[in-house]
Amino acid sequence: MALGSGEQVNAILTYDEKASKAKGSDKYFVMATQNGMMKKTAIEEFHSVRRSGLIAIKLRKDDNLRWVRASSGEDQIILVSSGGQAIRFGEKDCRPLGRATAGVGGIKLRKGDKVVGMDVVDSAEIKDPNSKLLVVMANGYGKRTLLKFYKKQKRAGIGIKTAKITPKTGPIVAAQVVPPEAKEIIAISDRGTVIRTEVESISTLGRATQGVRIMKVEPGDRVSSATLF
């Protein structure tokens, strides 16, 4: 892909078009920016992608596209901010828009806050009382919290607390709904330290808690990313 001046890759989505058509489930790409903007665009609008790429979303100068997920049109969206807020709302609150548009507000952020995680909650996860959200914080703390404790709201609100952020924990750096097949988590620090641990070893706690230490971070270092597999 040929990138323009000042551009960088921020989101990668593996998408199997044939498998999706066979299931008949995925209809849209849902996008989220670090400033809390949301957008939903029909997948068919991306069928013919040029070598130079296509415009997927119109961004403001101080914003960046960070996440892209496939959705069915009947799912729910959850957004998590670095300052410890989260909002869960129905995907239908975001009407489908064309590629060259800016989208709509997903979460109202306080000054200095930014979105650090977006995920799609599918119908199976909505129905499962044991579905959980994982959050990981900069100083190596993390936890899982039952999704049922995140009540469904209208989009563009300030959301509810998802973690108690303190100097000990640092801000949230990653958040993801835990899929049923996930067995392990990999977390990587700014200085290249990597840990791999079992998902079940991370405590399930309430929303307004600090979590438990999942990675020892040296002074001056911080967790930069985490993923489940």
Considering non-hydrogen atoms only, spot the tightest contact between Val121 and Asp75 and give its length.
O-CB, 3.4 Å

Does Arg155 reach the side chain of Cys94, with side-chain heavy atoms less than 4.5 Å apart?
yes

Would Lys132 and Thr145 count as a side-chain hydrogen bond (donor to acceptor under 3.5 Å, both in side chains) if you check the C-alpha gap in whole Å, the side-chain angles of each, and the deciding distance to 0.1 Å?
CA-CA 5 Å; Lys132 298 179 179 72; Thr145 300; over 6 Å; no

Rounded to the nearest 0.5 Å, how far does CD of Glu125 lie from CG of Leu147?
7.0 Å

Looking only at heavy atoms, what is the nearest atom pair of Val173 and Arg222, with distance?
CG1-NH2, 3.6 Å

Between Lys183 and Glu200, does any side-chain N to carboxylate O distance fall below 4.0 Å?
no

Shortest non-hydrogen contact between Ile77 and Met118, atoms and distance
CG2-CG, 4.1 Å

Start with the C-alpha gap between Thr166 and Gln210, add the side-chain angles, then the distance that decides, and say whether side-chain hydrogen bond (donor to acceptor under 3.5 Å, both in side chains) holds.
CA-CA 8 Å; Thr166 67; Gln210 296 183 89; 2.8 Å; yes

I need the minimum non-hydrogen distance between Ala100 and Ile55, along with the two atoms involved.
CA-CG2, 4.0 Å

Does the Arg69 side chain pair with the main chain of Val120, one donor and one acceptor, at a distance under 3.5 Å?
no

Should Arg88 and Leu133 be marked as a side chain to side chain contact (heavy atoms under 4.5 Å, CB included) after you check the CA-CA gap, both sets of side-chain angles, and the distance that decides it?
CA-CA 11 Å; Arg88 175 181 177 180; Leu133 176 73; over 6 Å; no

Please assess Thr209 against Lys143 for the test side-chain hydrogen bond (donor to acceptor under 3.5 Å, both in side chains), listing each intermediate value before the final yes or no.
CA-CA 9 Å; Thr209 57; Lys143 63 174 179 173; 2.9 Å; yes

Arg66 side-chain N/O to Gln34 backbone N/O, donor-acceptor pair under 3.5 Å
no

In terms of side-chain heavy atoms, does Ser71 have a donor or acceptor partner in Glu91 at a distance below 3.5 Å?
yes

Sub-4.5 Å side-chain heavy-atom contact between Val68 and Val30
no

Side-chain touch Leu228/Leu134, heavy atoms, less than 4.5 angstrom
yes

Do Ile78 and Val177 make a side-chain contact, defined as non-hydrogen atoms from C-beta onward lying under 4.5 Å apart?
yes

List the atom of Ile165, the atom of Gly170, and the distance in Å for their closest heavy-atom pair.
CG2-O, 3.7 Å

With a 4.5 Å heavy-atom cut-off, do Ile160 and Tyr150 have their side chains touching?
yes

Is there side-chain contact between Asn35 and Asp62, with at least one heavy-atom pair below 4.5 Å?
yes

Any Met215 side-chain heavy atom under 4.5 Å of Tyr141 side chain:
no

Minimum-distance pair of heavy atoms, taken over all atoms of Thr162 and Ala86:
CB-CB, 3.7 Å

Pair Thr33-Asp63, side-chain donor/acceptor within less than 3.5 Å
yes

